[in-house]
Structures are given as C-alpha cells and as structure tokens.
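Below is one structure, written out as structure tokens; the observations come after it.
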Amino acid sequence: MEKIKITLPDNSIHMYAAGTKIHEIVTSWNKESLFSTVAVKLNNVLVDLSYSVHEEATLSLIDTASKEGLYILRHSISHVMAQAVQDTFDGVQVCIGPSIEEGFYYDFDYADTFAPEDFEKIETRMREIVAADYPFIRREVSRTEAVALFADKGESYKVELINDLPEDVKKVSIYSQGGYVDLCRGPHIPSTGMIKAFKLLSVAGAYWRGDEKNKMLQRIYGTGFAKEGELAEYLRIIEEAKKRDHRKLGRELDLFQINDEAGAGLVIFHPKGAMLRAIIEDWERKEHLKRGYEMVMGPQILKVDLWKKSGHFDHYRENMYFTEIEDQGYGIKPMNCLSHMLIYKSKIRSYRDLPLRYFELGTVHRHEKTGVLHGLTRVRQFTQDDAHILCTPDQLNSEITGIADFVSYAMKIFGFDYGVELSTRPEKSIGSDEDWEMATAALENALKVNHMVYEINEGDGAFYGPKIDFKLKDALNRKWQCATIQCDFTLPERFDLSYIGADGEKHRPVMLHRVILGSIERFLGVLIEHYAGAFPVWLSPVQAILLIVTDRHIPFGESVYTQLCDAGIRAEKDFRNEKLGFKIREAQLQKIPYMLVIGDREVESKCVSPRKRNGKDLGGIGIDKFIELVRGECEHYQ
RNA sequence: GCUGGCGUAGCUCAACAGGUAGAGCAGCUGAUUUGUAAUCAGCAGGUUGCGGGUUCGAGUCCCAUCGCCAGCUCCA
C-alpha cells in the first residue's frame, strides 16, 4: 500500500498508509490530545478529524483553547440547537446558524413564536443529544442530490442557499448528527459528546439574508465554551455589563435623562452630566489649540440649496430634518462641513496658508430610525469634536499622522485601548473612481508609513470618501466606533475650493474630515461604562464631599468648603443631620473620589481626614496638602 | 422602519383565572447630635404612558398611538 509522509505538530515526520483517517494519525501520535482537538489544519486548510489523508501533508491540531477551535465548537453547538428545536417544535424550518464573536445563533422560520421560556425545553433536548454522543458525519453530494434531499425535508431556505451557490460549485457538503441533516461547509467537532458548556441567551427577529425586504425570521442566540468555568465567567461579564449600563448609571449618578415628553433620542444633561461634558470639552479645546487647529462655529440650519450642492440632499436626505423660513427651505445640519467650506472660500488661499485646520464642537441632528436609539450611544442630536483639514495632496500623510497621534494620545488619557480599520467605498457614494482610489490609497499609505496595524472593512466608507475608523475597546472588551478620519476629494470639487500654488496657478486642496472622540454623547456613554461611573479625579463632576460628624462642625466645614472652591476643586458638602456611616454610604454610591470627614479632631488640628472611594482612610492631613493631592492627580490631564 | 417583549408612586418591584392599586428605598415632619457603607417614628405620595373600545365592572382583554428593552437593518 502506498505510504505518505505526514509532518506532525511537533515537526516529527511519520509515514502513514494513504487514506488513513486523521483521527487515527492523531491517536497514534498523542492520544491525550484528542480530548480537546475539535479539528485539524492540513496544509493550512481546516478539516474534520474524520478526514482521510491521501497526500503528503503537514498537520496541526485545532483545540478548543484557540479562537478557531472555539468557533468550530460553537458552530457544532448551533447544529445541536437546530436539531433540538426541530425535535421539540413542529413545522420549524432551519435557515442559517453560524458562530459569532461571542457565541452562535440559528435562524428559524416558525409560525409560532419562541419565548425565553422555551429555552429550557430546547436545552434539555440539547443535553440529551450531547449525552447520546452522536458523531458528526460529513458527506459530499451533488447539487441536485442536495436540493432533492432538503426539498424532501421541506427545508426551502436550504434549497435556496444551494441554488444560489456559484455555478462552478458542483458538490456541496452536508453534515448529520443523530438524524439531523444540515447543509454546511464544516468542519465540525467529532461528536456531540465533546460539548461541555452551553447556554441559550435570547431570541430576536432577523431578516432572511439580512435584507429588510425579506421575511423576518426568529433568531435564537446562545453561547458555548470548552469548560463550564469559562461559561460562568462569560455570564458573569454579562451581569457586570448590566451593572455598568450607562443608562442605569446615568440615572443613579444623576447625570442625564432622556424623556418621552421631550422626545426620543434627545439627551437632557443634568448638572453633573453637564459638568462632565464641560470638562471633556475644555480638554478638547485646549488640545486642539495645541495642535494648530483654529476654532470655528457655524449655524444650526443652512439653506437646502447648499445641501444640494454638497450632495447631502441626494445622499443623506433620509437622515436629515428640514424646516422652512419665509418660503425658504433649510436643512438642519447632520454634519458640520458646510460652514467650514464657506469659511475656506471667504478669501483667496495661498499654499502658504495650508494646512488649515478648522475645529468645531458642532452639534448635529440626524434622523435615526426609532429602533436604533440607545441611551447616549445612539441619539438624534449630538455634538461632535469635528474638524476639517484642508491641505495640499502632499500634506495628507503628515496630517493623517498628526491625527493618528492625537487619537492615540486621547485614548491614553481616557484609558482606552483601540483597534484600527480602513473602510472602503460603499455602494451608495459620490465622486469618481479615480478620486476614490486616490483617497483610499492616501489613507492606506499613511497607515503603512506609521506602521499601524489595521483591518480592511469593505464598503463601509462614508458616501463622500473612505475612512480610517478607530474602534476603542472598553473595560469589558467591547468595541466602540469613536474616532474616524475621512478623506474627501469630492467636497472641495463641488465647492470649487482652490489655493494659489508656488507656481502662481490655482490648485484644488484635499479635505480630511475627522473626529477624535466622535460624538461627545456616545463617548460619555462609553466612558461611564468603562469606569463603571467611578471617574478618575480629573473627570469627576464632584471631586470631594465634606462630611461633618455633627452640626457643631458646620462653621469649620464651611471654611474648608470655601478654601476648596477657591482652589478650583469641585467640592460638595453634606451637612445633614445624619450619622457619618449614612453619609459615607451615600457618597460611596455616588462614587465620589474623596470623602472628607470633619469632626472634633479635624476642627482641633485644622485638617481634614480624606477617605478614598476604595475605602482607604488617609488620616488627618492639612487642607493645603489635600488641595495639592487633588491637583497632582489632575495636572497631567488639564 | 421591521420582529418579539414590556410601560403600575421619583427609583426597584407586588396585585390569583377581569371585582374600584400595595411594599421597600427616596421625599416631608418630628425625635435623635451621631467618627468611616443604611438611627427611630409618623405623614404624604398613583385618573396604572396617552386615547379609544369590550364589559355591570379593566392595571389585567381588544384596537390605536407614544416610549422603553433585545435583536435585525442602519450608524458618530
């Protein structure tokens, strides 16, 4: 019999008979590893353990500890769930059921509705399927055979999927376990018994193939892990996220409200929330001025004709609000660029003036569909830390570098980690192919020059240009879009912007749209969740609260309060007739960084006793020393 | 916008299968003068999101509308 050479994971080379199953090869090499191996990579291609090798190959194992392994495990669990759902309910058609970042889902077409109460039934059946340890069996069949098979089962969605495959696909693979058959590329785990920890989480609507014109299906979400402990940890993080929800903390910390009477998606900032915003905005102004930006301000509404000129009317109208004044149509701005264009055009520009960097904390309105509104992170009115940079094409690189540095600095200041993505031309867009290519190349080039690691996000650019998106990661590792740099050759064209070059001729400048924190509202929402409401001292709306032991300490308390206010420290006083423990509890729940206890001892020695938010008692220290302490914690930022 | 779930006091939540809303916290009043996460007592607080309908009777059932939640689609 023919022998083939297999390079094993430890780089040792062994000879096996052609046609040997991978499962047998692994068994002969290291039986133990089978416990956690879900599939293997054969010459870098993922295949099942049941695969038979016919050619010389290099083998590496994929176990549940790896990202790919977990993906495969979860995909297999989704098949088990689909089987359980079909076994439990009549008349259910299966659609698609992939692994996703944090788990898996499966879409079903079912006349009745699934309720979370049904999960227990489904999970019980799933556990039976797991206990039965059914092997996942792969079979390759012709398209016609597959169509016949699924048509016979009444699975019209699967039939549609097969019929829509490219013509050159002659064969498809199907997987079965315990009588359940599914169209699937694979690979899968060897058998259902390998599944140890899973949980169904939620059910929600989802359009067939993600198109809102199609039928709404029911999607059941679940997650799975290699070990019970990991599942428990994941569920703990979900609970933690709930505790940190900025909508809940926003109310508890009295930061803001979103009120039906005022309107959906419209934020009303309370004193503490407005303070927090002001701190961030002051920081923004200072940092922008440092970096050569100039502050500008534009109106909230501009004539419709101008929006037609810019292309917003044709491409962004459904997101805009309009109004009329004395028969003249106006559009409420959804972006800040128009005024900035007019500022540029207000006089003749020389190449010596460039780059021009116009910065505006610009409030915009966008008509978002009701279903997408969400606390502070998705609203209808928000303020962007927006800037438009007008420069020569050869200044693009250094400008983008400057912005990237700015973003990196801001993320460090606020304590976030982040990732970078390059988003390319979307279907609905304006501008020539040439401009798009130039703009995309400019952004990509800047990323490369700066050795930045990035991912490509196809078709996710703005309608007027490609963009670099910075996605920050919060304390719970969730990603949020905040900073973005967009390259635009179109708007300068439409507004016929020019500058006089060294050659005395007119040239067209290039424009960069960019935000650093993005929407101040969204950023605040993310910030609240990142810090769980316990802001660092420099951001805390209230930095210190004075707590007196009894009312004979009021006069000294008042004098301390005055000294702190004079020193620019944001202080509050709690001189109520309550026990100290009660006041500490309240200050603690308000997550105030410093509680200053004032009793007989402090009055006597003219000092305060700070108690930190983490419970640490700093003992009696002089007021000057406390002021110094707080300033020291802020100076690095302000 | 779509699918499903949900709107009860400032907040968190009760009220069996329709029978004229109840608790804790917060608030107010009084007592208490208090040392590092809740002092005690009393009082007050709601046309059950808004508008229709069914019924002798609706928080509970039906319709419509506004809003919230989870997704989908879209996005800063």
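In what follows, chains carry the letters A, B, and so on, assigned in the order in which the sequence lines appear, proteins first and then strands, with residues in each chain numbered from 1.
Note on ring orientation: taking the six-membered ring where Trp is involved, the planes of A:Y106 and A:F108 are parallel (angle under 30°, cut-offs 30° and 60°). Classified by interplanar angle (parallel below 30°, tilted 30° to 60°, perpendicular above 60°), the ring pair A:H340/A:H388 is perpendicular.
Distance, A:Q257 CD to B:C68 P: 13 Å, rounded to whole Å. Taking atom CG of A:L547 as the reference point, atom P of B:A37 lies 12 Å away to the nearest angstrom. As a whole-Å value, the separation of A:N259 CG from B:G67 C1' is 10 Å. Straight-line distance from the CG atom of A:L201 to the C1' atom of B:G4: 16 Å, rounded to whole Å. Atom C1' of nucleotide B:U33 and atom CZ of A:F582 are separated by 15 Å, given to the nearest angstrom. With rounding to whole Å, A:R552 atom CZ is found 7 Å from B:U33 atom C1'.
Note on A:D260: only backbone sugar-phosphate atoms sit closer than 4.0 angstrom, heavy atoms only; bases stay farther off.
Distance check on atom P: B:C69 versus B:U55 gives 37 Å, rounded to whole Å. Annotation: B:C11 and B:U20 have their P atoms spaced 26 Å apart (nearest Å). Here, B:A9 and B:A23 have their P atoms 15 Å apart, quoted to the whole Å. Separating the P atom of B:G42 from that of B:U60 is a span of 34 Å, rounded to the nearest Å. Nucleotides B:U12 and B:G19, compared at atom C1', are 28 Å apart to the nearest Å. For B:A64 and B:G49, the C1' atoms lie 14 Å apart once the distance is rounded to whole Å. B:C40 and B:A26 have their P atoms separated by 10 Å, given to the nearest Å. Taking atom C1' in both B:G7 and B:G59, one finds a spacing of 11 Å when rounded to whole Å.
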Open item on the list: Go through it in stages, so that I can follow the logic: the residues are A:V560 and A:E602, the test is side chain to side chain contact (heavy atoms under 4.5 Å, CB included), and I'd like the CA-CA distance, side-chain angles, deciding distance and then a yes or no.
Closed with: CA-CA 11 Å; A:V560 173; A:E602 287 74 21; over 6 Å; no
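Checked by distance alone, A:E602 brings a side-chain donor or acceptor within 3.5 Å of a matching partner on the base of B:G35.
Two residues, A:R251 and A:E578, neighbour RNA chain B, and the one matched to the more 5' nucleotide by heavy-atom proximity is A:R251.
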- [ ] Produce a footprint string for nucleotides 69-76 of chain B: one letter per nucleotide, 5' end first; B if the base is under 4.0 Å from any protein heavy atom, S if only the sugar-phosphate is, - if neither.
- [x] SBBBBBBB
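Across B:A37, B:A26, B:U36, the shortest atom-to-atom separation from the side chain of A:L580 is found for B:U36. Here B:U36 is the nucleotide among B:U33, B:U36, B:A37 with the atom lying nearest to any side-chain atom of A:V597.
Applying side chain to side chain contact (heavy atoms under 4.5 Å, CB included) to A:T377 and the options A:E529, A:E521, A:H246 leaves one that passes, A:H246.
Relative to the six-membered ring of A:F313, A:R317 meets both conditions, a distance below 6.0 Å and an angle of at most 45° to the axis. A cation-pi arrangement is absent between A:R613 and A:Y594 under the rule of less than 6.0 angstrom and at most 45 degrees off the ring axis. The side-chain tip of A:K428 does not point at the ring of A:F463 from less than 6.0 angstrom away and within 45° of straight on. Cation-pi check for A:R219 over A:F114 is not met; the charged atom does not lie both under 6.0 angstrom from the ring centroid and within 45 degrees of its normal. With A:Y409 as the aromatic partner, A:R291 meets the cation-pi criteria of under 6.0 angstrom to the ring centre and within 45 degrees of the ring axis.
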Task: Watson-Crick and G-U pairing of RNA chain B, under 3.5 Å, as dot-bracket with | and [ ] - done: (((((((..((((.....[..)))).(((((.......))))).....(.(((..]....))).))))))))....
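By the 6.0 Å contact criterion, CD on A:Q300 is enclosed, its count of non-hydrogen atoms from other residues, nucleotides or ligands being greater than 12.
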